[in-house]
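Okay, so here's the structure we're looking at.
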Number of protein chains: 2
Amino acid sequence: MTHQKQSMFSKSCEYGIKAMIYIASQSMLDRRVKIGEVVEHIDSPVAFTAKIVGALVKENVVQSVTGPYGGFYIDKHRMSQIMMIDIVTAIDGDSIFNGCGLGLKECDNEQPCPMHYKFVKIRADLKRMLNSTSILELAQGLESGKSILMR
Amino acid sequence: MTHQKQSMFSKSCEYGIKAMIYIASQSMLDRRVKIGEVVEHIDSPVAFTAKIVGALVKENVVQSVTGPYGGFYIDKHRMSQIMMIDIVTAIDGDSIFNGCGLGLKECDNEQPCPMHYKFVKIRADLKRMLNSTSILELAQGLESGKSILMR
DNA sequence: TTTATTTAGGATAAATTTGTCTTAAATAGA
DNA sequence: TCTATTTAAGACAAATTTATCCTAAATAAA
Ligand code: FES
Ligand code: FES
């Protein structure tokens, strides 16, 4: 049994989050960005990332314009209200918060799995964190050079 | 973009944990159990579960005996020292604790991703929880009827 | 020793996730 | 209008995870 590649979020979700942070950081500078520029800055496969970003357009997390001088952008005034949880649930759904950690059909206080009370606290913290973290905050960290999206 | 099935642990890990809890609960009653009995109590595919449990035998989490009257068991006196983190890392590895939540090559305090400081706390809590939760504790919860492995 | 039972382990297959490629639709400028 | 550029969207392919099937090895009892 060789190890899995299990991580907190799916690859789709990782790409989606990074793409949103990069687009937001450029929207702060009033720059619309093309998908090619996005993937250069987050090191992700272009067509796959385009699909994920496209899905987030449908979810109204990000806006797009087709054609020359087109690209993606996020409305400056909405950036403080777009929370990480919106992006994560749009891509990965809510099972990481609401599903049973041991895979039972539903997570249920009345008929808990053996790890239930251990999990609920961790998941509540994760949910709270994603709920209170805005795309604005993360984009500011990137723009100020405090954080990076590639290495 | 239809939602992923992203959860905390892989299916392999979920099956592995549940199998260990069931085997431990029976070992408390001095019962060795066959894989068929295990999967009946945790609702998992038999051959797949057998592989995962087999891997945990190699990792010395659980013991096995082949042939008639054989099966799996966990040494009573070790049950308080077998921690959830041992099972999780044996199957899913350590990337959920130590890897970057946004998929950067490594998680690094010096060059953090935008969510780094948000992630480290959650991951430390998760790690601490798994580090301090023994198979004994979970098996006792199951045996006493406080928790269940199927529904 | 022979047979039955059970775990061990490999080959293979199905399902899901991740990724590519191609064409269509929208838009701006010449 | 025509062309170039860019997102939208679908078909397809590769990689990984999940799952099945078959045979070997170990062991206990007749
Ligand atoms: S029932 Fe398993 S986490 Fe709640
Ligand atoms: S660098 Fe991303 S979580 Fe630490």
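A note on names: the letters A, B, ... follow the listed sequences, proteins ahead of strands, and every chain is numbered from 1. Here the structure is a predicted model, which is why all the values come from computation and not from measurement. For the numbers below, each heavy atom of this structure counts, side chains included, while hydrogens, waters and symmetry mates do not.
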For A:Ser25, what residues pass the side chain to side chain donor-acceptor pair (under 3.5 Å) criterion, not counting sequence neighbours?
-> none
In the 5' to 3' direction, the nucleotides of DNA chain C bounding the stretch that comes under 4.0 Å of a heavy atom in chain B are C:dA4 to C:dT18
Residues which pass ring-ring contact (aromatic ring centres under 6.0 Å, His included) with B:Phe119, listed by chain and number, not counting sequence neighbours = A:Phe9
Quick one: do A:Asp30 and A:Lys76 satisfy side chain to side chain contact (heavy atoms under 4.5 Å, CB included)? Show the steps, please.
-> CA-CA 8 Å; A:Asp30 296 301; A:Lys76 266 186 183 181; 3.3 Å; yes
With sequence neighbours left out, write down each residue that passes side chain to side chain donor-acceptor pair (under 3.5 Å) with A:Thr133, or none if nothing qualifies.
-> B:Lys118
Detail all sub-3.5 Å separations between protein N/O atoms and N/O atoms belonging to nucleotides 6-15 of chain D.
from   : atom 1 : to      : atom 2 : distance (Å)
D:dT6  : OP1    : A:Lys34 : NZ     : 3.2
D:dT6  : O4'    : A:Gly67 : O      : 3.2
D:dT6  : O2     : A:Gly67 : N      : 3.2
D:dT7  : OP1    : A:Ile35 : N      : 3.1
D:dT7  : O3'    : A:Ser64 : OG     : 3.4
D:dA8  : OP1    : A:Ser64 : OG     : 2.8
D:dG10 : N7     : A:Lys51 : NZ     : 3.2
D:dG10 : O6     : A:Lys51 : NZ     : 3.0
D:dA11 : N6     : A:Lys51 : NZ     : 2.7

Return the set of residues passing side chain to side chain donor-acceptor pair (under 3.5 Å) with A:Glu37 (not counting sequence neighbours), or none when no residue passes.
-> A:Tyr22, A:Arg31
Could you tell me the separation between the CD1 atom of B:Ile52 and the C1' atom of D:dT20, rounded to a whole number of Å?
-> 13 Å
Sequence neighbours excluded, the answer for ring-ring contact (aromatic ring centres under 6.0 Å, His included) partners of B:His116 is none
Can you name the side chain to side chain donor-acceptor pair (under 3.5 Å) partners of B:Asp86, sequence neighbours left out?
-> none
Return the set of residues passing salt bridge (charged side-chain N to carboxylate O under 4.0 Å, His left out) with A:Lys34 (not counting sequence neighbours), or none when no residue passes.
-> none
Quick one: which residue pairs count as a ring-ring contact (aromatic ring centres under 6.0 Å, His included) with a foot in residues 55-79 of chain A, not counting sequence neighbours?
-> none
Axis-to-axis angle for the helix from C:dT1-D:dA30 to C:dA30-D:dT1, ends of five pairs each, to 10°, equals 10°
What is the distance, rounded to the nearest whole Å, between atom CD of B:Gln6 and atom P of D:dT18?
-> 10 Å
In the hydrophobic cluster built from side-chain contacts under 4.5 Å, what are the other members alongside B:Leu29?
-> none
Nearest-Å distance for atom pair CD/C1', residues B:Gln63 and D:dA26 | 17 Å
